[in-house]
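This report concerns only the one structure given below.
Only this structure's heavy atoms are used, side chains among them; waters, hydrogens and symmetry mates stay out.
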Amino acid sequence: MTQIQFPSVSKYDNALYYSLITAIDERMTAYKGTEKQLIDLASLFHQSCERYAAAYKQSTKSFLTEAIAEKDAARDKITQVIEGVARYWAELPDDEDALRGRHISQPFKDFDYRRTEALLAQNSKWQNIAQVFAKADQAADLAAMGLTTLVQKANTLTQEIANLMAQRNEDQSSYLVGEMKAARTENEALFIQLMQYINALLIISPTEALEQTALYLQQDINKVASQYQQGRKRKKDDDNEVETSATQE
């Protein structure tokens, strides 16, 4: 092992960067060498990692998250009942009743409504379904099936979820501008300093323990770098897919 090769970590998003420094910090905490300056630098890096971890976890949480989850769970139950009743009606022997059931169940299929999707997708798809349900024929079907009140409740919950998500994003953005940015800037500087110091020791004073730790560090760095490249490839493929679909339309 001659030198640790490490990328410019500023390009990593906060989640990926968190994975990287967590792995590096664990390696350095387990390091058994006796080089005082390296030990001191690793200690400073560890403290900085703890500050970054606290900021990162805070940035991904909010007191609003629990409220959003509760409203989403309530909406899931309501929409499941609406869809289930509609499917049941679609199987009734009376043609008029069956037609009402198909009218109400079809939008769930048309918009591929799935309760396991991200909230943004669920919100958007339910709003599309709600527009269909607002039409005169579908509104009459819903009334006949006793589902009008449930649809209204789903509409209200969807709007409340959207409002809470917007508020949460605003809270997180404000936090990221301050605490998160400062914690990451400090930690990135210490990460670079730590890697450079280890590389210097590998040249002027290599030991078996240092070389072994450097090898592990390189493996951790390579793993995260690979995840970054895979993420970029997926994004590029998704972008190409969108462009292709737009062209076909």
Legend entry - Side-chain hydrophobic cluster, 4.5 Å single linkage: members besides Leu99: none

Nearest 0.5 Å please: distance from the [atom1] atom of [X] over to the [atom2] atom of [Y].
X	Y	atom1	atom2	answer
Glu35	Thr207	CD	OG1	5.0 Å
Leu164	Gln167	CG	CD	6.5 Å
Gln218	Met195	CD	CE	9.5 Å
Thr65	Met165	OG1	CE	10.0 Å
Ser19	Ile24	OG	CD1	11.5 Å
Lys71	Thr158	NZ	OG1	11.0 Å

Considering non-hydrogen atoms only, spot the tightest contact between [X] and [Y] and give its length.
X	Y	value
Ile39	Thr34	CG1-C, 4.4 Å
Ala183	Ala55	CB-CB, 4.1 Å
Ile129	Pro107	CG1-O, 3.9 Å
Pro7	Ile221	CD-CG2, 3.6 Å
Asn187	Cys49	ND2-N, 3.3 Å
Met28	Leu38	CE-CD1, 4.1 Å

Legend entry - Test log, rule side-chain contact (heavy atoms from CB on, under 4.5 Å), inputs Phe6 and Leu217: CA-CA 9 Å; Phe6 58 95; Leu217 291 173; over 6 Å; no

Inset, instruction - Give the intermediate values and the outcome of side-chain contact (heavy atoms from CB on, under 4.5 Å) for residues Asn199 and Ile203. - result: CA-CA 7 Å; Asn199 279 341; Ile203 295 174; 5.8 Å; no

Inset, instruction - Compare all side-chain heavy atoms of Leu194 with those of Phe191 and state whether any distance is below 4.5 angstrom. - result: no

Legend entry - Presence of salt bridge, Arg27 and Asp25, under 4.0 angstrom: no

Legend entry - Arg87 and Glu91 ion-paired at < 4.0 Å: no

Inset, instruction - Please name all residues satisfying ring-ring contact (aromatic ring centres under 6.0 Å, His included) with Phe45, sequence neighbours left out, ordered by chain then number. - result: none

For [X], salt bridge (Lys or Arg N to Asp or Glu O under 4.0 Å) partners two or more places apart:
X	value
Lys32	none
Asp95	none
Glu186	Arg51
Asp97	none

Is [X] reaching over with its side chain to a backbone N or O of [Y], donor-acceptor style, under 3.5 angstrom?
X	Y	answer
Ser205	Leu201	no
Thr156	Gln152	yes
Ser124	Leu120	no
Glu211	Leu202	no
Ser48	Leu44	no

What do you reckon, is [atom1] of [X] surrounded by more than 12 foreign heavy atoms closer than 6.0 Å?
X	atom1	result
Glu96	CD	no
Arg115	CZ	yes
Gln37	CD	no

What donor-acceptor contacts under 3.5 angstrom involve side-chain atoms of residues 138-148, with partners at least two apart or in another chain?
{"unit_1": "Asp141", "atom_1": "OD1", "unit_2": "Arg100", "atom_2": "NH1", "d": "2.8"}
{"unit_1": "Asp141", "atom_1": "OD2", "unit_2": "His103", "atom_2": "ND1", "d": "2.8"}
{"unit_1": "Thr148", "atom_1": "OG1", "unit_2": "Ala143", "atom_2": "N", "d": "3.3"}

Legend entry - Of all pairs that satisfy ring-ring contact (aromatic ring centres under 6.0 Å, His included), the ones with a partner from residues 193-234, not counting sequence neighbours: Tyr12-Tyr228

Legend entry - side-chain contact (heavy atoms from CB on, under 4.5 Å) between Ile198 and Gln3, intermediate numbers included: CA-CA 8 Å; Ile198 291 174; Gln3 295 280 277; over 6 Å; no

Inset, instruction - Take the angle between the ring planes of Phe108 and Tyr113 and call it parallel below 30°, perpendicular above 60°, tilted in between. - result: perpendicular

Output all residues satisfying side chain to side chain donor-acceptor pair (under 3.5 Å) with [X], sequence neighbours left out; order by chain, then residue number.
X	result
Arg102	none
Asn128	none
Gln159	Asn163

Inset, instruction - Just jot down the side-chain contact (heavy atoms from CB on, under 4.5 Å) partners of Asp72, sequence neighbours excluded, or say none. - result: Arg75, Asp76, Leu119, Gln122, Ile161

Legend entry - Near-ring test Tyr52/Tyr17, centroid separation under 6.0 angstrom: yes

Legend entry - Worked check of side-chain contact (heavy atoms from CB on, under 4.5 Å) between Trp126 and Phe111: CA-CA 8 Å; Trp126 178 258; Phe111 294 105; over 6 Å; no

Legend entry - Single-linkage hydrophobic cluster Ile68~Ile78, side-chain heavy atoms < 4.5 angstrom: no

Legend entry - No-hydrogen, no-angle side-chain donor-acceptor test under 3.5 Å, Glu83 and Ser105: no

